[in-house]
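Okay, structure first, notes after.
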Amino acid sequence: MCYKTRVVNRPFLKIINSLISRPVMEPQYFPEKVEQDARAWWGKHRSFKAVADPRREKYYCLSMFPYPSGKLHMGHVRNYTIGDVLTRFMRMHGKNVLQPMGWDAFGLPAENAAMANGVPPAKWTYDNIAYMKKQLQSLGFAIDWEREIATCKPEYYKWNQWLFLRMLEKGIAYKKTGVVNWDPVDQTVLANEQVIDGRGWRTGALVEKREIPMYYLAITKYAEELLADLDKLPEWPERVRTMQANWIGKSVGVRFAFPYKLDGRDEKLWVFTTRADTIMGVTFCAVAAEHPLATHAAKNNPKLAAFVDECKRGSVMEADIATIEKKGMPTGISVTHPLTGEPIPVWVGNYVLMGYGEGAVMAVPAHDERDFHFAKQYGLSIKQVIAVEGEQFTTDNWTEWYADKERGRCVNSGKYDGLGYDAAVDAIAADLKAKGLGDKQVMWRLRDWGVSRQRYWGCPIPIIHCEACGDVPVPDKDLPVVLPEDCVPDGSGNPLNKRADFVNCQCPKCGQPARRETDTMDTFVDSSWYYARYASERGDSAMVDGETGYWMPVDQYIGGIEHAILHLLYSRFWWKVMRDTGLVRGDEPFARLLTQGMVLNEIFFRKPASGRIQYFNPAEVEVKLDDKGNRVGAVLMSDDQPVESGGIGTMSKSKNNGVDPQALIEQYGADTARLFMMFAAPPEDTLEWSDEGVAGANRFLRRLWKLVAEHVNAGLPGKADISNLPEPLKALRRLAHQTLAKVTDDIGRRRTFNTAIAAVMELVNALSRIEDGSPQAKAVRHEALEIVVVLLSPMVPHITHALWQALGHTQAIIDTSWPAVDTAALKQDSIEIVVQVNGKLRGRVAVPATAAEDEVRKLALADEGVARHVGDKPVKKVIVVPGKLVNIVVAG
RNA sequence: GCCGAAGUGGCGGAACUGGUAGACGCGCCAGACUCAAAAUCUGGUAGUGGCAACACUGUGUGGGUUCGAGUCCCACCUUCGGCACCA
């Protein structure tokens, strides 16, 4: 079938109307055609090109760039639709907008794909990028594609290397050993996700911890600023700032030592504690398996050596370590309590981490829950040194108050008895200092950022190892160190190690043959500054250029809540380093943050008597309902046999509950997909997938199209007098302008696109009910339809592009200004007041908008329903909330 | 285990500053159109009791503050996100 385009300018339309009776606007909505036309128009006019212009106010809207995993998933669609709505909204408010897009192109999945299919990660990645770019374009996002970047390209990662070298010079980047997961069979380092139940994912071998040399970035040097500057981010969600503050974890405590003699030498066991007030209650110390003291003690103690080995096995993940059974073994070594001089036994504990603080802790079983259980388990003594008035201490079981800093007072602590937390810590720290055995110290939970990865598909670390000169930085003129793109990882370690042409090189210092570093950088490095590169001209002469100063900081950053800590903290750190290197100005890269929720779908499965659980995609399952719409079961459509429900979960391959955006776009069009995504939930909440919901979104667009078509095909209205409207039309105009005000606030301030769309739907419903064909009605309807179309345009840009033209505009809607509310239209003579009796709704009264409180009270008391409930009981009190409600409080 | 969130009809959600609980959408029911179905349109739809008017109950659970609590406070339960090599 062939349909004439409905895009006609107004005078021409009038002529057509007068000549023939055939409709000029196609009454049915065909999304494919509409969307193609709109995209062609934007393309032809280069509508999305962003040009820095210091005379104009900028708005930099950034969505977290995708990992090119193969195809878009619904999380991407949601993320980028939110960004696009804000970008288009701000553009219509006159801002000079920038919305870029690119690819977080290095990472593990490319290597996994290579192992599965034998395709080089580079080819796999570039193919995925090409496909996903097409998908993004078909969604109609207002992206300036001229700024596209991919982090796996040398012109991008060259600057990772360049800034890394500057960090080396500043002492921010440095080398030390770190612990990794080691697969003894594949002889390779595993990522945490490649360790399943303590075993290598491919080999099934028990994973070991192994210490290897790695490069670290001293993010802890910026800890104080990273914490303090959270106050400069009032437009970030409170919960993200709290999570970051807790992650950085500043604590003021005391670092002190337990002296001891070892082989006749005087040694010190250093520990850190935030509870120095409990120091008199120390009954033992615990050290990590890797601690020198443990190593020493294990030398002549096979049982202890075996235990130390056991501790070294297993996961390096904190969540695992925190939940493992607490185990320990005595070393046989005793240290001396720095204040009492008593001997204190030292244990090895599997819950003490070498990487944290000193790798050793003091244990106060009476006032630390973990120590308490450990002491009970191994029969170690428990000594109460804190008391709370009115509470009874017992070693039988743990009680919350044992660790109470606020109410606790020192007891059994000699000269410190009676002191509260602050006074006790001060006094004890002073005494330790006097003995030269310790002092107060600020401690951070935050650890330095280990950036070395023993993997191929990443940015090479620009270091050359020379036998004579040691570790030599690659000179700037030799950057970038280019990663060969034809390697195919096979699971047995980094293929770069086998690439002689990559590894073999000359020492830049002495010219002798040397070995190139084969470790690559953590992909969090790539994503720590891409936002600044977009904003630059992306030339080869500098990491970022002057244009960055115009666009940065990002005005609105949007991404998943799962990035609330790591990515955002690393980016803030990297940006500060760039600032201190003189590359950029300003303390923070992201002025405002929106953390979008996950996209969920139902999970269906069958669990055969033997074998693995089989998951079914919800598209293949039919849900059975009873008369009232209650769910009674579900069957697989192909065999009509029941399947079990596994509840709701994040869309994932493993649960087979993903929905392909491509299929959705093909069936309904991009606008329907976008509308559903924005309507189904507020952006920060999780979003549950619903096929029926999508169909509903599409139904609304069809209804809107028809409404506009009927209006346009009846002939566009001329000028009509709207100063003296009959009440129903006045009400419609009022609703239109109320909706305009609400939607402007919902998108611009509240970011609740779901309520914005609901409000527009209400206006459309009201509009559908008006059947008046008078010129006045036509004019009011026309104005209301224009408002509807404009308000929806950030969400559904294609259909509104067409409808706007159909409504007689020659200027494209994307270039139109957001309309202003006509406050005169909002005026109301009479308002409804709710009347309560003892807090319960008992009636409603209409009162003049200008009524005084006394008058409102009188009218409320006169209401029939109210009078019935008040009866002859005495009125104790009347509360009047102007414009809203009256509450009458009566006795009894 | 630690840190951070969320829990409201059959379902997704609304209620923004403590002031009408359930907007809007989905689903379901009834009706119109149709030979029929789909699509579309109209109406109904928290629960219980009642012919109805209306009344009572109701925002995860248990307490509290208030004239008034989904919203504030305390305790608990469940689900989700992060925990440093997934991105």
Side-chain angles (χ1 to χ4, degrees), chain A residues 64 66-67 69 104 107-109 112 178 180-181 189-195 237-240 242-243 245-247 249 316-324 351 355 369-370 446-447 449-450 452-455 522-524 527 560-567 569-570 595 597-598 600 625-631 647-650 676 679-682 684-697 699-700 702-703 706 745-746 749-750 752 754-755 757-762 765 768 832-836 838-841 844 865 876-879 881 884-889:
Chain A
M64 288 181 187
Y67 178 80
S69 55
D104 190 11
L108 206 51
N112 295 342
V180 294
N181 301 303
V189 175
L190 298 179
N192 284 335
E193 72 159 7
Q194 296 174 315
V195 179
E238 183 70 40
R239 59 171 161 162
V240 175
T242 307
M243 280 192 267
N246 289 339
W247 184 263
V316 301
M317 284 174 70
E318 189 192 294
D320 291 340
I321 291 159
T323 48
I324 50 167
Y351 61 94
E369 188 170 5
R370 196 171 52 178
L446 181 68
R447 310 197 297 256
W449 176 12
S452 293
R453 295 291 179 272
Q454 297 70 42
R455 270 177 254 296
D522 181 4
T523 56
F524 273 125
S527 54
I561 182 68
E562 67 273 18
H563 294 293
I565 296 175
L566 292 179
H567 161 64
L569 194 65
Y570 291 147
T595 49
M598 314 274 252
L600 314 178
L625 302 175
D626 68 10
D627 299 349
K628 289 186 167 181
N630 296 313
R631 172 181 292 212
I648 306 274
T650 334
F676 171 71
F679 180 61
E684 310 233 2
D685 291 6
T686 54
L687 181 148
E688 269 183 56
W689 189 256
S690 155
D691 287 327
E692 292 81 11
V694 174
R699 189 175 309 144
F700 172 72
R702 288 202 310 263
R703 225 155 64 87
K706 215 172 96 188
D745 186 52
D746 282 355
R749 180 182 63 90
R750 297 177 65 208
T752 52
N754 56 328
T755 55
I757 294 166
V760 176
M761 285 174 167
E762 283 189 73
N765 289 345
S768 314
E832 192 187 67
I833 295 280
V834 165
V835 189
Q836 297 177 335
N838 284 346
K840 286 195 173 182
L841 175 66
R844 297 157 203 273
K876 284 163 70 178
K877 198 170 171 186
V878 178
I879 289 143
V881 182
K884 283 236 164 181
L885 149 157
V886 176
N887 187 16
I888 298 154
V889 185

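Chain letters run A, B, ... following the sequence lines, proteins first, then strands; residues in each count from 1.
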Look at all strands and tell whether Ala564(A) reaches a base, only sugar-phosphate, or nothing, counting heavy atoms closer than 4.0 Å. nothing
Taking the nucleotide of RNA chain B with the closest heavy atom to each, which residue, Ile648(A) or Glu692(A), is nearer the 5' end? Glu692(A)
Looking only at atom P, what distance separates A23(B) and G44(B), rounded to whole Å? 12 Å
Nearest-Å distance once atom P is located in both G22(B) and C16(B): 13 Å
Whole angstroms only, please: what is the CZ-C1' distance between Arg239(A) and C3(B)? 13 Å
For the residue pair Trp689(A) and Phe676(A), does the interplanar ring angle fall in the parallel (under 30°), tilted (30 to 60°) or perpendicular (over 60°) class? perpendicular
Minimum-distance nucleotide to Ala758(A) side chain [options: C86(B), A84(B), C24(B)]: C24(B)
Have a look at Ser452(A) and say if it touches a base, only the backbone sugar-phosphate, or nothing, with a 4.0 Å heavy-atom cut-off. base
Answer with base, sugar-phosphate or nothing: what part of the nucleic acid does Pro66(A) contact at a heavy-atom distance below 4.0 Å? nothing
Identity of whatever pairs with C2(B) - Watson-Crick or G-U, under 3.5 angstrom: G82(B)
Please report, rounded to the nearest Å, how far the C1' atom of U40(B) is from the NZ atom of Lys706(A). 6 Å
So which nucleotide does U17(B) pair with, by the Watson-Crick or G-U wobble rule with both distances under 3.5 Å? none
Could you identify the nucleotide paired to A32(B), looking across every strand shown and requiring Watson-Crick or G-U wobble geometry with both distances under 3.5 Å? U40(B)
Look at all strands and tell whether His563(A) reaches a base, only sugar-phosphate, or nothing, counting heavy atoms closer than 4.0 Å. base
Determine which nucleotide pairs with U48(B), using a 3.5 Å limit on both distances of a Watson-Crick or G-U wobble pair. A55(B)
Of U20(B), G81(B), A14(B), the nucleotide closest to the side chain of Thr755(A) is A14(B)
Pairing partner (Watson-Crick or G-U wobble, both distances under 3.5 angstrom) of A69(B): none
Side chain of Arg844(A) only, please: which of A84(B), U20(B), G27(B) is the nearest? U20(B)
C3(B) base / Asn246(A) side chain donor-acceptor hit below 3.5 Å: no
How far does the P atom of U79(B) sit from the matching atom of G68(B), given to the nearest Å? 35 Å
Is there a side-chain contact between Asn887(A) and Val881(A) in this structure, where contact means two heavy atoms from C-beta onward sitting under 4.5 Å apart? no
Please report the C-alpha distance between Asp522(A) and Trp449(A) in whole Å, then the side-chain angles of each, then the deciding distance to 0.1 Å, and finally whether the side chain to side chain contact (heavy atoms under 4.5 Å, CB included) criterion is met. CA-CA 9 Å; Asp522(A) 181 4; Trp449(A) 176 12; 2.9 Å; yes
As a quick check of understanding, evaluate side chain to side chain contact (heavy atoms under 4.5 Å, CB included) for Ile561(A) and Met243(A), giving each step before the final call. CA-CA 11 Å; Ile561(A) 182 68; Met243(A) 280 192 267; 4.1 Å; yes
Reckon Gln194(A) touches a base, only the sugar-phosphate, or nothing at all at heavy-atom distances under 4.0 Å? nothing
Have a look at Val180(A) and say if it touches a base, only the backbone sugar-phosphate, or nothing, with a 4.0 Å heavy-atom cut-off. base
Reckon Ser69(A) touches a base, only the sugar-phosphate, or nothing at all at heavy-atom distances under 4.0 Å? nothing
For the residue pair Asp104(A) / Ser527(A), report whether a side-chain donor-acceptor contact shorter than 3.5 Å exists. no
Under 4.0 Å, heavy atoms only, any strand: does Ile879(A) hit a base, just the sugar-phosphate, or nothing? base
Scan every strand shown for a Watson-Crick or G-U wobble partner of A23(B), both distances under 3.5 Å, and answer none if you come up empty. none
Please lay out, stage by stage, how Asn765(A) and Arg703(A) fare under the test side chain to side chain contact (heavy atoms under 4.5 Å, CB included). CA-CA 10 Å; Asn765(A) 289 345; Arg703(A) 225 155 64 87; 2.6 Å; yes
Distance check, C1' atoms only: G13(B) and G27(B), in whole angstrom units. 14 Å
Using purine N1 to pyrimidine N3 plus N6-O4 or O6-N4 for Watson-Crick, or N1-O2 and O6-N3 for G-U wobble, both under 3.5 Å, which nucleotide pairs with G7(B)? C77(B)
Distance, P atom - from C26(B) to U20(B), rounded to whole angstrom: 26 Å
Base, sugar-phosphate alone, or nothing: which one does Leu446(A) contact when heavy atoms must sit under 4.0 Å apart? base
If you measure from the C1' atom in C33(B) to the same atom in A21(B), how many Å do you get, rounded? 37 Å
Taking C74(B) as the reference, what is the distance to A6(B) when you measure between their P atoms (whole Å, please)? 15 Å
When all nucleic acid strands are considered with a 4.0 Å heavy-atom cut-off, which category describes Trp247(A): base, sugar-phosphate, or nothing? base
Proximity to the side chain of Asn754(A) - top-ranked nucleotide from G27(B), A87(B), A14(B): A14(B)
Against the side chain of Arg750(A), the closest entry in A15(B), G82(B), C83(B) is A15(B)
Return the nearest nucleotide to the side chain of Asn765(A); candidates are G25(B), A84(B), A14(B). G25(B)
Indicate, with a heavy-atom threshold strictly under 4.0 Å, whether Arg749(A) touches base, sugar-phosphate, or nothing. base
Tell me what Gln454(A) touches on the nucleic acid: a base, only sugar-phosphate, or nothing, going by heavy atoms under 4.0 Å. base
For Val834(A), which contact category applies under a 4.0 Å heavy-atom criterion: base, sugar-phosphate, or nothing? base
5'-most by nearest nucleotide on RNA chain B - Arg453(A) or Gly696(A): Gly696(A)
Classify Phe524(A) by what it touches in the nucleic acid, base, sugar-phosphate, or nothing, heavy-atom distance under 4.0 Å. base
Could you give the distance separating U59(B) and U71(B) at their C1' atoms, to the nearest angstrom? 10 Å
Candidates G12(B), A87(B), U40(B) - which lies nearest the side chain of Tyr67(A): A87(B)
Side chain of Val881(A) - closest among A84(B), G19(B), C16(B): G19(B)
Counting side-chain heavy atoms from CB outward, which of C3(B), A87(B), G1(B) is closest to Glu562(A)? A87(B)
Compare the minimum distances between each of U40(B), A14(B), C86(B) and the side chain of Asn192(A), then state the nucleotide with the smallest one. C86(B)
Measure from CD on Glu832(A) to P on U20(B) and round the result to the nearest Å. 12 Å
